[in-house]
Amino acid sequence: MTERAAVKAALKTQAVETPSWAYGNSGTRFKVFAQQGVPRTPREKLDDAAKVHEFTGVAPTVALHIPWDEVDDYAALARHAEDRGLRLGAINSNTFQDDDYRLGSVCHPDAAVRRKAVDHLLECVDIMDATGSKDLKLWFADGTNYPGQDDIRARQDRLAEALAEVYGRLGDDQRMLLEYKLFEPAFYTTDVPDWGTAYAHCLKLGPKARVVVDTGHHAPGTNIEFIVATLLREGKLGGFDFNSRFYADDDLMVGAADPFQLFRIMYEVVRGGGLSGDVAFMLDQCHNVESKIPAIVRSVMNVQEATAKALLVDRDALAAAQREGDVLGANAVLMDAFSTDVRPLLREVREEMGLDPDPMAAYARSGWAEKIVAERVGGEQAGWGA
């Protein structure tokens with residue numbers, strides 16, 4: 001197989017998971033701008049997700065968020081996904097929108113509140129059983145705002161206890177993916193603030209616990225690709241929440257702020273064997289002023305382009321330059337790959353997959369946007385549930 005054929009084969013097998021909440025109304029803490037045609041039910045979210053997969057060919061799974069995607073029959077929801085050519089992906093818990101969680105959830109000083117939070121996480125595992133989902137994704141807003149507000153070490157003990165109980169409930173083929181976030185909504189201490197904290201808990205829990213890297217959850221200037229390389233080396237990278245940030249946790253379209261960073265991350269994924277492994281490539285974005293489905297299509301395409309460039313890195317030439325201490329030569333190898341226009345290559349890939357070479361244009365011509373505006377009248381549009 002030629003190098004070009006190998007790159008195309010890898011791109012054809014790539015899978016990007018889209019988030020159900022990105023199809024609903026979402027935005028900043030200040031204002032959510034409602035749009036016409038937004039889904040009103042989890043099934044309608046899946047209908048939209050099916051269109052993303054139809055035109056990209058690499059978005060076969062959809063992450064759910066509980067209780068935002070709560071239904072009476074999760075097995076039936078999974079069948080609806082299958083009817084649309086999809087599968088249900090990660091189950092995301094929500095322990096941050098209940099009044100009881102004002103001082104935290106699994107780290108709360110009150111044992112009754114901690115019990116409520118853990119019971120919700122266990123319910124999410126029950127939903128995984130019903131949907132066939134493999135990943136439980138956990139993000140905790142837990143933390144404190146003021147020095148002395150709570151015992152920092154005791155909160156870590158509570159967190160460990162909660163995670164251990166939920167970990168013990170997982171099936172043999174299920175995983176726990178632990179996400180971290182530098183700050184927000186907690187401003188003094190965050191209970192899972194960085195990859196080291198998440199890694200430490202996952203390491204203690206066992207092989208079914210891994211770390212999720214949200215690309216928007218870091219301090220300015222953080223070398224995210226170093227984190228990715230380290231977690232891959234340790235076998236503890238569970239997945240990504242792909243988005244872009246300028247100032248904080250902006251949840252903008254992946255690759256929008258710094259496409260070079262996305263390329264560097266994807267190179268480390270390729271270098272570390274993550275592309276052919278069990279790393280989950282998930283989007284975690286909110287689309288407040290842009291149309292939702294086209295934005296998600298574009299995000300998937302951005303991941304594809306960064307991946308294609310990462311696959312084109314001449315790793316032999318790079319290794320030789322590194323061995324020789326050729327600083328500029330090594331950097332040039334990476335820059336050559338990043339500067340390559342991979343859009344013609346991806347057009348070929350899509351055509352060989354039986355897809356339109358231009359997913360954005362194909363969606364615009366499909367009439368789906370006009371159809372959902374005309375048909376989704378009445379009811380309550382889906383959103384963050386805040």
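Every value quoted in this text rests on a predicted model; they were computed, and no experiment measured them.
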Give a yes or no on whether the backbone of Ala78 and the side-chain of Thr131 come within a donor-acceptor separation of less than 3.5 Å. no

Less than 4.0 Å between a side-chain N and a carboxylate O, is that true for Lys371 and Glu375? yes

Any side chain to side chain donor-acceptor pair (under 3.5 Å) involving residues 50-60? Give me the pairs, sequence neighbours left out, ordered by first then second residue. Lys51-Glu54

Given the rule in the side chain to side chain donor-acceptor pair (under 3.5 Å) test, do Thr95 and Ser93 qualify, once you have shown the distances and angles that lead to the verdict? CA-CA 7 Å; Thr95 54; Ser93 62; 5.2 Å; no

Measure from the side-chain N and O atoms of Ser339 to the backbone N and O of Asp336, and report whether any donor-acceptor pair falls under 3.5 Å. no

Is the shortest side-chain N to carboxylate O distance from Asp48 to Arg376 below 4.0 Å? yes

For Thr197, does its backbone N or O pair with a side-chain atom of Asp194 as donor and acceptor, under 3.5 Å? yes

Do Leu237 and Ile227 belong together in a cluster built from hydrophobic side chains that touch within less than 4.5 Å? yes

Would the distance check show the side chain of Ser244 and the main-chain N or O of Ala256 forming a donor-acceptor pair, the cut-off being under 3.5 Å? yes

With a 4.0 Å cut-off, would you call Asp356 and Arg350 a salt bridge? no

Go through Phe140 and Thr190 one step at a time and tell me if the side-chain contact (heavy atoms from CB on, under 4.5 Å) criterion holds. CA-CA 9 Å; Phe140 299 107; Thr190 300; over 6 Å; no

What verdict does the side-chain contact (heavy atoms from CB on, under 4.5 Å) test give for His80 and Asp47, after you've listed the backbone C-alpha separation in whole Å, the side-chain angles of each residue and the deciding distance to 0.1 Å? CA-CA 9 Å; His80 182 82; Asp47 294 342; 3.0 Å; yes

When you measure from the side chain of Asn302 to the backbone N and O of Val254, does any donor-acceptor pair fall under 3.5 Å? yes

Main chain of Ala382, side chain of Arg40: is a donor-acceptor contact present, judged purely on distance under 3.5 Å? no

Same apolar cluster: Met176 and Ile127, side chain cutoff 4.5 Å: yes

Start with the C-alpha distance between Leu138 and Leu177, add both sets of side-chain angles, then the distance that settles side-chain contact (heavy atoms from CB on, under 4.5 Å), and finish with yes or no. CA-CA 6 Å; Leu138 306 178; Leu177 306 183; over 6 Å; no

If only atom types and distance count, is the side chain of Ser291 paired as donor or acceptor with the main-chain N or O of Pro294 below 3.5 Å? no

Would you call Arg169 and Asp126 a salt bridge, using N to O less than 4.0 angstrom? yes

Give the ring-plane orientation class for Tyr199 versus Trp195, where under 30° counts as parallel, over 60° as perpendicular and anything between as tilted. tilted

By side chain to side chain contact (heavy atoms under 4.5 Å, CB included), which residues pair with Arg245, not counting sequence neighbours? Pro220, Asp250

Taking side chain to side chain donor-acceptor pair (under 3.5 Å) as the cut-off, I'd like each qualifying pair that reaches into residues 203-215, sequence neighbours left out, listed once. Arg210-Asp278, Asp214-His217, Asp214-Asn243

Under the ring pair (Phe, Tyr, Trp, His ring centres under 6.0 Å) test, residues paired with Tyr363 that sit two or more places apart: none

State whether Lys8 and Glu352 are salt-bridged, where the test is any N-O pair (Lys NZ or Arg NE/NH1/NH2 against Asp/Glu carboxylate O) under 4.0 Å. yes

Would you confirm whether Arg114, through its side chain, and Pro109, through its main-chain N or O, come within 3.5 Å as a donor-acceptor pair? yes

Sidechain N-carboxylate O distance under 4.0 Å for Asp142, Lys181: no

Quick one: do Val279 and Val62 end up in the same hydrophobic cluster if we chain Ile, Leu, Val, Met, Phe, Trp and Tyr together by side-chain heavy atoms under 4.5 Å apart? yes

Taking atom CZ of Arg84 as the centre, report whether more than 12 heavy atoms of other residues, nucleotides or ligands fall under 6.0 Å from it. yes

Rest of the hydrophobic cluster containing Phe33 (Ile/Leu/Val/Met/Phe/Trp/Tyr, side-chain heavy atoms under 4.5 Å)? Val289

Pair Glu17 + Lys137, salt bridge at N-O below 4.0 Å: no

Start with the C-alpha distance between Gln174 and Asp129, add both sets of side-chain angles, then the distance that settles side chain to side chain donor-acceptor pair (under 3.5 Å), and finish with yes or no. CA-CA 9 Å; Gln174 295 174 336; Asp129 292 340; 2.9 Å; yes

Of all pairs that satisfy ring pair (Phe, Tyr, Trp, His ring centres under 6.0 Å), the ones with a partner from residues 320-352, not counting sequence neighbours: Phe260-Phe338, Phe263-Phe338

Tell me the ring pair (Phe, Tyr, Trp, His ring centres under 6.0 Å) pairs involving residues 234-256, sequence neighbours left out? Phe240-Phe242, Phe240-Phe281

Could you tell me which residues satisfy side chain to side chain contact (heavy atoms under 4.5 Å, CB included) with Lys292, sequence neighbours excluded, listed by chain and number? Asn25, Gln35, Val38, His287

Where the side chain of Glu348 meets the backbone of Leu345, is there a donor-acceptor pair that is under 3.5 Å apart? no

Keeping the roles fixed (side chain from Asp98, backbone from Tyr101), state whether a donor-acceptor pair exists under 3.5 Å. no

Are more than 12 heavy atoms from other residues, nucleotides or ligands located less than 6.0 Å from atom CD of Glu234? yes

side-chain contact (heavy atoms from CB on, under 4.5 Å) for Gln322 and Leu318? Distances and angles first, verdict last. CA-CA 6 Å; Gln322 291 168 342; Leu318 180 61; 3.5 Å; yes

Please determine whether residues Leu252 and Ile224 belong to a single hydrophobic cluster, defined as Ile, Leu, Val, Met, Phe, Trp and Tyr linked transitively by side-chain heavy-atom distances below 4.5 Å. no

Listing request: all ring pair (Phe, Tyr, Trp, His ring centres under 6.0 Å) pairs with a residue in residues 166-192, at least two apart in sequence or in separate chains. Tyr180-His218

Where at least one partner belongs to residues 304-327, residue pairs that pass ring pair (Phe, Tyr, Trp, His ring centres under 6.0 Å), sequence neighbours excluded: none

Who passes side chain to side chain contact (heavy atoms under 4.5 Å, CB included) against Ala361, sequence neighbours left out? Asp358, Arg365

side-chain contact (heavy atoms from CB on, under 4.5 Å) with Asn94: which of Pro67, Ser105, Cys124? Pro67

For Gln36, is the CD atom crowded, meaning more than 12 foreign heavy atoms sit under 6.0 Å from it? no

Is there a path from Tyr267 to Phe226 through hydrophobic residues (I, L, V, M, F, W, Y) whose side chains come within less than 4.5 Å of each other? no

For Glu165, which residues count as a side chain to side chain contact (heavy atoms under 4.5 Å, CB included) partner, sequence neighbours excluded? Arg115, Val118, Leu122

Pick one: which of Asp150, Asn145, Thr144 meets side-chain hydrogen bond (donor to acceptor under 3.5 Å, both in side chains) with Thr189? Thr144

So, are Arg343 and Asp341 salt-bridged, with charged N and O less than 4.0 Å apart? yes

